[in-house]
Amino acid sequence: MSATILDGKALARQIRQRLREQVAQWVQRHGVRPCLAAVLVGEDPASHVYVGKKQQACAQVGLESRLIELPQHTSPSQLLECLDELNADPGVHGILVQLPLPEQLNPDEVFERMDPRKDVDGFHPENVGRLVQGRPRFVPCTPGGIRALLDHYGISTQGRHVVVLGRSPIVGKPLANLLLARGPQGDATVTVCHSRSAHLTQLAKQADILVAAVGRPRFVGPDMVRPGAVVIDVGITRTQQGLVGDVDFPAVAQVASYITPVPGGVGPLTVAMLLQNTFQAAQALVQDGNS
Ligand code: NAP
């Protein structure tokens, strides 16, 4: 293997440690403990695992967390009512609605109802708009985690061609906007591909930095990677062999310069960014006298 591993787990640990100190000092000064409310609708086992991990991570850095569990058959008005309560609660600084939602619930409607100042996932239209304008309030957690990883390893995006496989509102689109922004944190030339893209392999092979977020195990093989490219694997699929990424790791590691593992790459950073955004939300709300 020739590629250097981008160790997201180790970096997430460092971020959490720094955050724990910052949170402790801030709580002492303001007498308020930042609180993340997680709304979990239905019985999806993976969602229960993810929310549990996020709550555990909150506890590790000294953030309070609340869990609101709603049944599978929750109606749109019930969920919106729950959000209204959390929006109005001065003890709640960040709100997370775990996806996917049951089919009767429209995620767009749900995120639109959230107080954008508490929307720590960055999915409210106002926060999406701010990101597109290059003045984000909350950077969505997975793109923020990728940015943190690139920064940590000194991998610049300025003037480089980033090819993102996947155009979801959670990963592909916000990442593209983040890296397209003016300035040292962005300045990339970004190509976004999806299931209707023609000549995918040729496009991927042009990338200096290739990001795979399609949700298809081992979708990216060495034929799609330019020798020396940086490869970021966002994909997580549960298989009988455990968690599998979108990249054929052993084969691609032979050609890439840097590569993220799955697990232990982007995943832990996504959680670390959620904690950071929650702390940031609490700071802003307290400063504005809303908490
Ligand atoms: P998603 O909403 O299902 O989006 C997948 C994207 O991939 C879509 O844009 C889709 O195109 C595209 N795609 C699917 N098949 C393709 C193909 N054959 N060729 C080219 N593009 C294709 O998924 P997501 O929420 O972005 O998540 C993607 C993966 O990342 C999943 O495995 C998920 O579990 C993982 N994930 C990981 C983290 C983390 O923290 N590590 C966070 C979020 C998600 P269309 O738009 O045309 O359908």
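Treat the numbers as computed from the prediction; the structure is a model and nothing was measured. All ligand and atom numbering here is 1-based and tracks the order in the structure. Reckoned from all heavy atoms, side chains included, excluding hydrogens, waters and symmetry mates.
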* To do: Begin with the C-alpha distance, continue with both residues' side-chain angles, and end with the deciding distance and a verdict on side-chain contact (heavy atoms from CB on, under 4.5 Å) for Leu165 and Asp246.
  => CA-CA 10 Å; Leu165 307 180; Asp246 285 350; over 6 Å; no

* Structure fact -> Sorted by chain and residue number, the ring pair (Phe, Tyr, Trp, His ring centres under 6.0 Å) partners of Phe219 (sequence neighbours excluded) come out as none

* To do: Decide whether a cation-pi geometry holds between Arg18 and Phe279; the criteria are a distance under 6.0 Å from NZ or CZ to the six-membered ring centre and an angle within 45° of the ring axis.
  => no

* To do: Run through Leu6, Ile259, Leu149, Asp208 and flag the one making a side chain to side chain contact (heavy atoms under 4.5 Å, CB included) with Val230.
  => Leu6

* Asked: Looking at residues at least two apart in the chain, or sitting in another chain, which of them share a ring pair (Phe, Tyr, Trp, His ring centres under 6.0 Å) with His152?
  -> none

* **Amino acids in close contact with ligand 1, where any non-hydrogen atom sits under 4.0 angstrom away** => Thr142, Gly166, Arg167, Ser168, Val171, His194, Ser195, Leu200, Ala213, Val214, Gly215, Arg216, Phe219, Val234, Gly235, Ile236, Val266, Gly267, Thr270

* **Qualifying residues under ring pair (Phe, Tyr, Trp, His ring centres under 6.0 Å), relative to Phe123, sequence neighbours excluded** => Phe111

